[in-house]
Student: 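Mind looking over this structure? Questions follow.
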Amino acid sequence: MDRIKEKMNQLRLEADESTARVEELQAKLKALEQENLAKEQEITSLSHKNGLLESENEKLDTSVRDLKKAATEGEQHGTQNETLQRRLQLLEEEAEEADKTLRETNEKLRQTDVKAGHFERKVQALEAERDQWETKYEDMSKKYAELQKELEDLQNEIGNI
């Protein structure tokens, strides 16, 4: 019986140890479950945060693409603006050259008008002189015809004598 008591005591001790070990393992399990729960909450929190960051990243990528596109368009507008400014400068130079040519042409036209007026006066003077000469010629032709007739008459009289 002693042996049975001893065995019982030993079994009680083992049972107490096992109970203590089970309690210890249950406490450890509880701690690990709490730690696991905390880690799952942290994972959930980080997943949510990651989703927000990815969303923000997509927004920023879109913004960067838009800004790059705007920058490209700005460069194109800048290049186009430079081209238009060069074209404007060339047109202004051409306009100045055309204005200069127009002034020169107007001056030549004015001089031509002055010369034309001068020559018109000369033509009128020459026409008047021509008219005088024609009048003199007609008068002289008449006188010549009269003198010719007188000469013929005179020759006829002389021939008759």
Student: Looking at Asn156, is its backbone amide N or carbonyl O close enough to the side chain of Asn160 to form a donor-acceptor pair, meaning the two atoms are under 3.5 Å apart?
Tutor: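 Pair found, side chain donor or acceptor close to backbone of Asn156.
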Student: Rounded to the nearest 0.5 Å, what separation is found between the NZ atom of Lys49 and the CD atom of Glu54?
Tutor: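 Nearest 0.5 Å value for the NZ-CD distance: 14.0 Å.
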Student: Out of curiosity, Leu154 CG to Glu150 CD, how far, rounded to the nearest 0.5 Å?
Tutor: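 These two atoms lie 8.5 Å from each other.
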Student: CG of Asn106 to CD of Gln111: how many Å apart, nearest 0.5 Å?
Tutor: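 One gets 11.5 Å once the value is rounded to the nearest 0.5 Å.
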Student: Do any N or O atoms from the side chain of Thr72 and from the backbone of Lys68 form a donor-acceptor pair under 3.5 angstrom?
Tutor: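 Answer holds: yes.
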Student: Is any side-chain heavy atom of Leu126 less than 4.5 Å from a side-chain heavy atom of Glu129?
Tutor: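 They are in contact (side-chain heavy atoms under 4.5 Å apart), so the answer is yes.
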Student: Return a table of donor-acceptor pairs under 3.5 angstrom between the side chains of residues 131-138 and protein atoms on other chains or two or more places apart.
Tutor:
unit_1, atom_1, unit_2, atom_2, d
Thr135, OG1, Asp131, O, 2.7

Student: Can you list the steps and then say if Asp61 with Arg65 is a side-chain contact (heavy atoms from CB on, under 4.5 Å)?
Tutor: CA-CA 6 Å; Asp61 283 345; Arg65 271 187 253 116; 3.7 Å; yes
Student: Measuring from atom CD of Glu127 to atom CD of Glu120, what distance do you get when rounded to the nearest 0.5 angstrom?
Tutor: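 The CD atom of Glu120 is 10.5 Å from CD of Glu127, to the nearest 0.5 Å.
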Student: Would Leu151 and Gln155 count as a side-chain contact (heavy atoms from CB on, under 4.5 Å) if you check the C-alpha gap in whole Å, the side-chain angles of each, and the deciding distance to 0.1 Å?
Tutor: CA-CA 6 Å; Leu151 179 62; Gln155 281 178 351; 4.1 Å; yes
Student: Report the C-alpha separation of Lys143 and Asp139 in whole Å, then their side-chain angles, then the decisive distance to 0.1 Å, and conclude whether the salt bridge (Lys or Arg N to Asp or Glu O under 4.0 Å) test is met.
Tutor: CA-CA 6 Å; Lys143 283 183 183 179; Asp139 289 344; over 6 Å; no
Student: Looking at Glu6, I want to see if its CD is surrounded by more than 12 non-hydrogen atoms of other residues, nucleotides or ligands under 6.0 Å.
Tutor: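 No, not enclosed.
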Student: Find the distance between OG1 (Thr112) and NZ (Lys108) and round it off to the nearest 0.5 Å.
Tutor: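 So the gap between those two atoms works out to 9.0 Å.
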Student: Ser63 and Lys59: side-chain contact (heavy atoms from CB on, under 4.5 Å), yes or no, with the steps?
Tutor: CA-CA 6 Å; Ser63 176; Lys59 287 179 188 175; over 6 Å; no
Student: As an exercise, state the distance from CG of Leu147 to CD of Glu152, rounded to the nearest 0.5 Å.
Tutor: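 Answer rounded to 0.5 Å: 11.5 Å.
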Student: Name the atoms and distances for all side-chain donor-acceptor pairs under 3.5 Å in residues 12-41, with sequence neighbours left out.
Tutor:
unit_1, atom_1, unit_2, atom_2, d
Ser18, OG, Glu14, O, 2.8
Thr19, OG1, Ala15, O, 2.6

Student: So, are Glu107 and Arg110 salt-bridged, with charged N and O less than 4.0 Å apart?
Tutor: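 Yes, charged N to carboxylate O under 4.0 Å.
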Student: Do Arg86 and Thr83 pass the side-chain contact (heavy atoms from CB on, under 4.5 Å) test, and can you show the C-alpha distance, the side-chain angles, and the key distance before you say yes or no?
Tutor: CA-CA 5 Å; Arg86 276 189 252 122; Thr83 303; 4.2 Å; yes
